[in-house]
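Below is the structure I would like to discuss, written out as structure tokens.
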Amino acid sequence: MSPRIYTEQEIEKIRVSALLVGDTLAEVAKMISPGVKTLELDRMAEDFIRAKGGIPACKGYEGFPYTLCISVNQVVVHGFPSEYELKEGDIVSVDCVIEKDGFFGDSAYTFMVGQVDDSVRQLLEDTKASLYKGIEQARAGNRTGDIGNAVQSYVEEKGYGVVRELCGHGVGAHMHEKPDVLNYGRRGSGCLLKKGMVIAIEPMITLGKRNIGVAKDGWGIFTLDGKPAAHFEHSLTITEHGNEILSSFEKVENILKDK
């Protein structure tokens, strides 16, 4: 099945959901600190989303029992919120998907808890930078392989690993749609990008090797060497002259700047 082409009106609805994700992540940013249980973040997020008229789309998706995917340190993605208390020096990826008025927004941000090691701080900066390298290639006439190649070449040159078993995706009327958006690949390969497509790009980058395992709960993905991983994600639409990011880190980063 070909990727869906969305109308301007539909894209506006996706934007509303994606911006509500950004607002939710900003609420998470306010709470992130040593001693906070990740389950507390999840409960707050569910209450916040529902109060804003949204539906926490991850909750119940293929049996996932929570609102947020909360992945700490060596957990790459899909981590379960729990009684774990965040500690100084942790990093925590928070991935959120919201449905509102029948359309989905998807975004993720990796937070630092207090002071972290310089190498880990750099991992976060470089992973976020690789997201924008990928976004630069997201334009009509390019292919998904151009996005993946941009992410891969940027981070591998710096010695990081690129998780290959998971990828970005189309998003809009469903949480996951065609096309798959890999974080590695060859230029000129993959699905042709067209105006009106909506995709989520989400580099998952490791400080050590790229090899991963799956937790006993069947969801959490972790690095086999135990080294930290970072994850950043935006939803965006392909436009006539490039792309437009529909989600936002602005409120998150304003809060983090003031903390």
Check your understanding: Is E156 salt-bridged to R164, going by a charged N under 4.0 Å from an acidic O?
Key -> yes
**Study point:** Any donor-acceptor N/O pair, E177 side chain to H169 backbone, under 3.5 Å
**Key:** no
Review point. Any Lys/Arg nitrogen of K128 or E253 sitting under 4.0 Å from an Asp/Glu carboxylate oxygen of the other?
Key: yes
Review point. Got L193 and D146 here, is their nearest side-chain heavy-atom distance under 4.5 Å?
Key: no
Practice item. Output yes when a side-chain donor or acceptor of D42 lies under 3.5 Å from a complementary backbone atom of T67, and no otherwise. Key: yes
**Study point:** Test applied, side chain to side chain donor-acceptor pair (under 3.5 Å); reference residue, S93; option that passes from E233, H231, H78
**Key:** H231
Practice item. Would you indicate whether the side-chain heavy atoms of T223 and V76 approach each other to under 4.5 Å? Key: yes
Review point. With a 4.5 Å heavy-atom cut-off, do L39 and Y66 have their side chains touching?
Key: yes
Review point. Do you know which two heavy atoms are closest between C167 and V181, and how far apart they sit?
Key: CB-O, 3.3 Å
Practice item. Let me know which of S107, S247, S248 forms a side chain to side chain contact (heavy atoms under 4.5 Å, CB included) with L25. Key: S107
Review point. Taking C-beta and beyond as the side chain, do V16 and F103 meet within less than 4.5 Å on heavy atoms?
Key: no
Practice item. Please step through salt bridge (Lys or Arg N to Asp or Glu O under 4.0 Å) for the pair E46 and R43, ending with a clear verdict. Key: CA-CA 5 Å; E46 180 175 3; R43 289 173 182 147; over 6 Å; no
Review point. Is any side-chain heavy atom of Q115 closer than 4.5 Å to a side-chain heavy atom of R121?
Key: yes
Check your understanding: Which other residues end up in the same hydrophobic cluster as I255, if Ile, Leu, Val, Met, Phe, Trp and Tyr are linked when side-chain heavy atoms come under 4.5 Å apart?
Key -> none
**Study point:** Heavy-atom closest pair, residues C191 and M197
**Key:** SG-CE, 4.3 Å
Review point. Using 4.0 Å as the upper bound for N to carboxylate O, is an ion pair formed by E12 and R15?
Key: yes
Review point. Would you say I205 and D126 make side-chain contact, with heavy atoms under 4.5 Å?
Key: no
Check your understanding: More than 12 non-hydrogen atoms from neighbouring residues, nucleotides or ligands closer than 6.0 Å to CZ on R50, yes or no?
Key -> yes
Review point. Between the main-chain N or O of K209 and the side-chain N or O of D225, is there a donor-acceptor pair closer than 3.5 Å?
Key: yes
Exercise for review: In plain terms, say whether E10 and K13 are close enough for a salt bridge, that is, a side-chain N and a carboxylate O under 4.0 Å apart.
Suggested key: no
Point to revise | pair D95-L68: side-chain heavy atoms closer than 4.5 Å | key: no
Review point. Can you list every pair that meets ring-ring contact (aromatic ring centres under 6.0 Å, His included) and has a residue in residues 130-153, with sequence neighbours left out?
Key: Y132-H234
Review point. Counting distance only, does the side-chain N/O of R143 pair as donor-acceptor with the main-chain N or O of G190 below 3.5 Å?
Key: yes
